[in-house]
Protein chains: 2
Amino acid sequence: MINFMDLSIGVLSKQVGCKVPTIRYYEQIGLLSKPLRTNGNQRRYTQMHLQELAFIRHARELGFSIDSIKQLIAMNNDYEANSSGHLADEIAIRHLKKIEKKIEQLSLLRDEMKTMLVACAEGKSHNCQVMNILSDHQLCEHDHS
Amino acid sequence: MINFMDLSIGVLSKQVGCKVPTIRYYEQIGLLSKPLRTNGNQRRYTQMHLQELAFIRHARELGFSIDSIKQLIAMNNDYEANSSGHLADEIAIRHLKKIEKKIEQLSLLRDEMKTMLVACAEGKSHNCQVMNILSDHQLCEHDHS
DNA sequence: TATAAAACCTCTAGTCACTAGAGGTTCAAG
DNA sequence: CTTGAACCTCTAGTGACTAGAGGTTTTATA
């Protein structure tokens with residue numbers, strides 16, 4: 001039963017800030033529930049869908065993988081799992097650790113890039129130091145990542 | 001003319017710390033020069049290849065895209081472009097800015113995740129705050145990225 | 001009412017940087 | 001000589017989208 005207040009995919013896209021093809025993609029991979037269709041086969045979304053998609057977008061923007069989001073949604077749909085412990089915050093803690101590790105790695109990279117650019121500025125020579133420093137990495141330890 | 005000192009792909013892989021399929025991939029996309037082959041069609045790499053691959057790996061580990069690395073290598077091969085200015089460090093500066101922006105975004109995300117987990121710990125309620133906070137994002141401004 | 005443009009649809013394939021696996025050949029060691 | 005390791009090409013998959021072809025439906029305007 002489609003309600004005149006239901007949203008076309010374009011309207012939903014604008015309200016949530018998620019591209020139309022991405023919404024279709026989410027439905028295809030089973031992340032977002034399928035909406036009802038008009039007689040012309042167009043999707044019409046309810047406010048429930050809007051909240052569902054907003055949840056997904058928020059989690060994606062926080063860097064959760066689609067798989068983690070599926071788990072979160074499954075937990076939300078399963079009242080028993082919800083009451084059996086804080087599985088959602090375990091997922092979030094795991095994710096926070098990933099973010100913190102990524103920040104650490106990027107900070108090391110930033111420092112290395114800055115060092116390289118400082119050397120490049122001081123070099124002032126004909127051969128650019130960026131190239132030299134990248135080339136100077138041969139046979140070194142491989143623990144950058 | 002293959003020299004007995006030339007390296008098989010497996011040896012090169014170990015010395016540079018780059019997987020065999022990735023080495024083949026780099027050759028396929030034109031990033032790494034093609035080596036000579038044995039009569040049995042096996043690749044044999046010179047020390048020049050080793051330096052070339054080390055350069056590529058270093059740049060990749062620093063987060064340069066393959067396209068940027070292609071540009072850097074092209075500049076290295078073109079003496080005139082090399083002498084016409086510090087194009088390599090312009091690429092590096094551009095890249096540094098990307099890294100710094102990414103760190104900033106991740107730091108915001110980390111802070112948001114921490115806030116969420118603190119709320120979750122204090123909540124102690126039946127409904128986990130991670131789910132609630134993700135759900136509370138509806139119709140907000142979309143400037144997370 | 002007719003028309004044209006906008007918005008919708010499915011499907012296929014591409015993006016980026018790899019990665020995996022099938023099915024075969026060559027090399028090296030015992 | 002035999003066997004296992006290392007090599008080869010080729011195709012397709014990974015994750016999270018994104019693009020485009022070719023078509024249908026909806027909407028707004030004259």
Side-chain angles (χ1 to χ4, degrees), chain A residues 2 4-32 34-45 49 53 55-73 95 98 102 105 142 144-145, chain B residues 2 4-32 34-45 49 53 55-73 95 98 102 105 142 144-145:
Chain A
I2 298 187
F4 84 95
M5 290 180 67
D6 289 348
L7 310 173
S8 73
I9 195 169
V11 173
L12 180 69
S13 164
K14 289 187 179 65
Q15 293 205 8
V16 178
C18 176
K19 291 181 182 173
V20 165
T22 309
I23 297 173
R24 292 198 196 106
Y25 170 66
Y26 288 157
E27 174 187 329
Q28 181 201 329
I29 61 175
L31 191 61
L32 178 67
K34 288 182 193 297
L36 294 179
R37 303 282 185 122
T38 64
N39 287 336
N41 200 31
Q42 297 194 3
R43 295 167 172 81
R44 289 293 180 266
Y45 295 96
H49 288 108
L53 183 62
F55 179 92
I56 291 163
R57 285 313 306 165
H58 193 196
R60 283 294 303 128
E61 282 158 6
L62 291 179
F64 286 91
S65 69
I66 294 218
D67 210 47
S68 294
I69 299 171
K70 280 184 177 174
Q71 290 175 34
L72 290 173
I73 290 175
H95 183 55
K98 274 197 254 173
K102 189 69 183 178
Q105 289 170 353
H142 305 301
H144 279 273
S145 61
Chain B
I2 298 184
F4 83 96
M5 293 182 66
D6 290 347
L7 310 173
S8 72
I9 195 168
V11 173
L12 179 68
S13 163
K14 290 189 179 62
Q15 293 206 7
V16 177
C18 176
K19 290 181 181 174
V20 165
T22 309
I23 297 173
R24 292 199 195 105
Y25 170 67
Y26 289 157
E27 175 187 329
Q28 181 201 329
I29 61 176
L31 192 61
L32 178 67
K34 289 180 191 295
L36 294 180
R37 303 281 185 124
T38 64
N39 287 336
N41 200 30
Q42 296 194 4
R43 296 167 172 82
R44 289 294 181 262
Y45 295 95
H49 287 108
L53 183 62
F55 179 92
I56 292 164
R57 285 314 305 167
H58 194 194
R60 283 296 300 129
E61 283 158 6
L62 291 178
F64 285 92
S65 70
I66 293 216
D67 210 47
S68 294
I69 300 171
K70 280 184 178 174
Q71 290 175 35
L72 291 173
I73 290 175
H95 183 56
K98 274 197 256 174
K102 189 69 186 180
Q105 289 170 355
H142 306 300
H144 280 275
S145 60

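To find a chain, count down the sequence lines: A is the first, B the second, and so on, and within it residues start at 1.
- Listed pair B:Y26 / C:dA17 fails the phosphate criterion, with no side-chain N or O lying under 4.0 Å from OP1 or OP2.
- A sub-4.0 Å separation between OP1 or OP2 of C:dT19 and a side-chain N or O of B:T22 is present.
- The shortest side-chain heavy-atom distance between B:D6 and B:Y45 does not fall under the 4.5 Å cut-off.
- Residue A:T38 places at least one side-chain N or O under 4.0 Å from the OP1 or OP2 atom of D:dT26.
- Annotation for B:K102: atom NZ does not count as buried by contact number, only 12 or fewer foreign heavy atoms lying within 6.0 Å.
- Note that the CD1 atom of B:I73 and the OG atom of B:S68 stand 11.0 Å from one another [nearest 0.5 Å].
- Across the helix from C:dT1-D:dA30 to C:dG30-D:dC1, the helix axis at one end is tilted relative to the axis at the other end by 0° (nearest 10 degrees, each axis from five pairs).
- When the P atom of D:dA6 is taken as reference, atom CD of B:Q42 falls 11 Å away, rounded to whole Å.
- Residue A:K19 is the one, among A:K19 and A:G40, whose nearest nucleotide of DNA chain D lies closer to the 5' end (criterion: closest heavy atom).
- Rounded to an integer number of Å, the gap from CG of B:D6 to C1' of D:dA6 is 17 Å.
- Rounded to whole Å, the distance from CD on B:Q28 to C1' on D:dC8 is 14 Å.
- In terms of position along DNA chain C, the nucleotide closest to B:I66 lies nearer the 5' end than the nucleotide closest to the other residue of the pair B:I66 and B:R24.
- Rounded to whole angstrom, the span from the CG atom of B:N41 across to the C1' atom of C:dT25 amounts to 9 Å.
- Closest to the side chain of A:I9, from the set C:dC8, C:dA17, C:dC27, is C:dC8.
- Residue A:R44 has no polar side-chain atom (N or O) positioned under 4.0 Å from OP1 or OP2 of C:dA7.
- The two residues A:H95 and A:L62 make their nearest non-hydrogen contact at NE2-O, 2.5 Å.
- Atoms CZ (B:F64) and P (C:dC18) sit 14 Å apart, rounded to a whole Å.
- B:F64 CZ to B:H58 NE2: the interatomic distance, rounded to the nearest 0.5 Å, is 9.0 Å.
- Across D:dT9, C:dA17, D:dA16, the shortest atom-to-atom separation from the side chain of B:Y25 is found for C:dA17.
- Contact annotation: A:R37 reaches the phosphate of C:dT10 (side-chain N/O to OP1 or OP2, under 4.0 Å).
- The side-chain heavy atoms of B:R44 and B:L36, taken from C-beta on, include no pair separated by under 4.5 Å.
- The CD1-P distance, from A:I29 to D:dA16, rounds to 7 Å in whole Å.
- Side-chain contact between A:L12 and A:R43: absent, with no pair of heavy atoms (C-beta onward) separated by less than 4.5 Å.
- Distance CG (B:D67) to P (C:dT15): 12 Å, rounded to an integer number of Å.
- Of the side-chain N and O atoms in A:R43, none sit less than 4.0 angstrom from OP1 or OP2 of C:dC8.
- Of the side-chain N and O atoms in A:S8, none sit less than 4.0 angstrom from OP1 or OP2 of C:dA7.
- Straight-line distance from the CD atom of A:E27 to the P atom of C:dC8: 14 Å, rounded to whole Å.
- Note that CD of A:Q42 is 9.5 Å distant from CD1 of A:I9, once rounded to the nearest 0.5 Å.
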